[in-house]
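Letters A, B, ... mirror the listed sequences (proteins, then strands); counts begin at 1.
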Amino acid sequence: MKIGYPCINLTVDCQGNKTFRIKSYSEEKIIETVENNLRCLIEILKFNVKHDLYFFRISSDLIPFASHPICDFKWERHFADEFKYLGNLIRHNEIRISMHPDQFTLINSPDSKIHERSVSELLYHSKVLDCMGLDFSSKVQIHIGGVYGDKNKSMARFIRRYEKLDARIRNRLVIENDDRSYSLRDCLCIFKETGIPILFDVFHHELFNSGETLEEAFKLFARTWRLNDGIPMVDYSSQEDGQRIGTHARSIDNEKFRKFVIRTRSFDFDVMLEIKDKEKSAIEAVKIALSDGRFSTGSSRREMSHG
DNA sequence: TCACGTCAAGCAGAT
DNA sequence: ATCTGCTTGACGTGA
């Protein structure tokens with residue numbers, strides 16, 4: 001089990017997801033911004049290793065406007081050395097990586113323009129992982145998309161569109177159950193047709209499910225991951241008390257997480273804490289997992305792999 | 001230096 | 001109709 005958090009580190013004094021307004025786009029601006037973002041990503045990953053955090057989601061803002069027509073900058077070539085360095089850092093420390101394109105990425109949209117933009121966005125995400133030389137256990141996660149008034153048609157459209165995607169995307173794409181439109185059961189239907197692994201979101205499943213217990217859900221999604229995909233990925237959050245249903249917790253609820261760890265003991269998976277205070281809660285989660293014997297520190301893992 | 005309107009992009013549900 | 005949340009507030013103009 002590896003534990004991590006998404007995109008932003010609040011301790012390290014380095015913002016790895018800097019962007020700018022499209023109006024101020026220039027080659028100079030994007031070079032300067034990406035330089036900063038790559039440098040900070042390195043800093044954050046080093047911080048993570050020091051704190052036994054071996055799972056990280058790279059921000060989609062790493063290369064701002066990468067999939068937009070305005071961007072004709074050859075970022076892969078320009079930053080080839082930096083990407084190589086990052087790839088080595090990630091592989092050497094056995095860090096698990098994910099990316100999560102945002103809510104505008106909808107490959108099942110009936111609007112062909114939105115569909116095309118979404119494919120470009122997915123290709124950008126896949127290329128980032130490719131040019132770091134990462135294998136197919138580094139994933140790009142999306143939700144199935146919109147319902148557009150007819151769920152069956154929209155799911156069929158997703159499947160058709162998926163089958164036409166570039167292999168660079170298909171090798172990395174995983175689907176995540178969401179909290180109101182497409183449940184774990186819906187993701188399993190898509191899996192049956194396409195073989196896409198399912199990234200399980202614990203909190204979404206609590207809010208929107210077909211009656212499966214946590215243990216049943218784990219049995220169902222865990223087998224959708226093949227050997228090349230690595231072990232299953234899980235997103236974890238919990239409800240912030242007193243806020244509207246669906247609000248992610250500000251800080252980890254230690255007892256709740258401990259219970260989760262105990263209930264899922266018979267499964268091996270990597271877990272990302274989608275908690276607002278980021279690495280702070282992730283570090284708490286590491287302590288809890290360690291105390292349950294679910295987790296080995298980086299130094300002991302490295303010794304094992306050498307010995 | 002700081003307040004605050006706005007930011008590439010979509011959808012669904014709540015108000 | 002308008003607002004909010006979503007993996008994450010942050011950019012940058014104007015005072």
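Residue-level contact check: A:Lys29 touches the backbone only, with heavy atoms under 4.0 Å from sugar-phosphate atoms and none from bases. In this structure, A:His204 reaches the sugar-phosphate backbone alone: every heavy-atom distance under 4.0 Å involves primed, P, OP1 or OP2 atoms, never a base.
Judged by distance alone, the side chains of A:His143 and A:Gln103 never bring a donor and an acceptor atom under 3.5 Å apart. Between the side chains of A:Ser109 and A:Asp111, no donor N or O sits under 3.5 Å from an acceptor N or O. The closest side-chain donor-acceptor pair between A:Asn48 and A:Tyr5 falls under 3.5 angstrom. If you check the side chains of A:Asn36 and A:Thr33, you find no donor sitting under 3.5 Å from an acceptor.
A:Arg180 contributes no side-chain N or O that, together with a main-chain N or O of A:Phe208, makes up a donor-acceptor pair within less than 3.5 Å. In terms of modelled atom types and a separation under 3.5 Å, the side chain of A:His68 and the main chain of A:Ile70 share a donor-acceptor contact. Looking at A:Asn177, its side chain does come within 3.5 Å of a backbone N or O of A:Asp201 through a donor-acceptor pair. Looking only at distances, a side-chain donor or acceptor of A:His100 sits under 3.5 Å from a matching main-chain atom of A:Gln141. Proximity of a side-chain donor or acceptor of A:Tyr162 to a complementary backbone N or O of A:Ile190 within less than 3.5 Å is not detected. The backbone N or O of A:Glu94 lies less than 3.5 Å from a partner atom in the side chain of A:Lys2, making a donor-acceptor pair. Distance alone, capped at 3.5 Å, places no donor-acceptor pair between the A:Asp61 side chain and the A:Pro64 backbone.
Taking atom CD1 of residue A:Ile58 and atom P of nucleotide C:dT8, one finds them 17 Å apart after rounding to whole Å. If you measure from atom CG of A:Asn36 to atom P of C:dC11, you get 10 Å, rounded to the nearest angstrom. Atom pair A:Asn17:CG and C:dC11:P shows a separation of 8 Å (rounding to whole Å applied). Distance A:Leu207 CG to C:dG5 C1': 12 Å, rounded to the nearest Å. If you measure from atom CG of A:Asp235 to atom P of C:dT8, you get 10 Å, rounded to the nearest angstrom. Rounded to whole angstrom, the span from the CZ atom of A:Arg250 across to the P atom of C:dG9 amounts to 13 Å. Here the P atom of nucleotide C:dC6 and the CD atom of A:Glu176 are 12 Å apart, to the nearest Å. When the P atom of C:dG12 is taken as reference, atom CZ of A:Phe20 falls 8 Å away, rounded to whole Å.
A heavy atom closer than 4.0 Å to some atom of DNA chain B occurs in no member of residues 278-288 of chain A.
Within the 4.5 Å cutoff, side-chain heavy atoms of A:Trp75 are placed close to those of A:Phe83.
Electrostatic pairing of A:Asp166 and A:Arg168 counts as a salt bridge here, judged by a charged N lying under 4.0 Å from a carboxylate O. A salt bridge links A:Arg226 to A:Asp229: one of the charged nitrogens lies within less than 4.0 Å of a carboxylate oxygen.
Pairs of residues two or more places apart, or lying in two chains, that qualify as side chain to side chain donor-acceptor pair (under 3.5 Å) and include a residue from residues 261-285 of chain A are A:Thr11-A:Glu279, A:Arg57-A:Glu274, A:Arg96-A:Asp270, A:Glu215-A:Arg263, A:Ser251-A:Asp277, A:Asn254-A:Glu284, A:Arg265-A:Asp292, A:Asp277-A:Ser281, A:Glu284-A:Lys287.
Between the P atoms of C:dT8 and B:dC7, the separation comes to 22 Å (whole Å). Spacing between B:dG13 and C:dG9 at atom C1', rounded to whole Å, works out to 22 Å. Using atom P as the reference point in both C:dG12 and B:dA9, the two lie 16 Å apart (nearest Å). As rounded to the nearest Å, B:dT6 and C:dC3 have P atoms that lie 12 Å from one another. Taking atom C1' on both nucleotides, B:dA3 is separated from C:dC6 by 26 Å, rounded to a whole Å. For B:dC11 and C:dA10, the C1' atoms lie 23 Å apart once the distance is rounded to whole Å.
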Distances for protein N/O vs nucleotides 13-15 of chain C N/O pairs under 3.5 angstrom?
none

So which protein nitrogen or oxygen atoms get under 3.5 Å of nucleotides 1-6 of chain B's nitrogens or oxygens?
none

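Taking the nucleotide of DNA chain C with the nearest heavy atom to each of A:Ile22 and A:Ser59, the more 5' of the two is matched to A:Ser59.
The distance from the OH atom of A:Tyr54 to the CD1 atom of A:Ile97 is 13.0 Å, given to the nearest 0.5 Å.
Cluster annotation: A:Ile288 is not connected to A:Ile262 through the hydrophobic network of ILVMFWY side chains, with a link wherever side-chain heavy atoms come within less than 4.5 Å.
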ask   = How is the base pairing of DNA chain B summarised as a dot-bracket string, given the Watson-Crick and G-U wobble criteria with both distances under 3.5 Å, [ ] for crossing and | for another strand?
value = |||||||..||||||

key: Annotated protein contacts, base or backbone, on nucleotides 9-15 of chain B with a non-hydrogen cut-off under 4.0 Å, one of B, S, - each   = BBBSS--

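For A:Lys23 and B:dC7, the shortest distance from a side-chain N or O to OP1 or OP2 is not below 4.0 Å.
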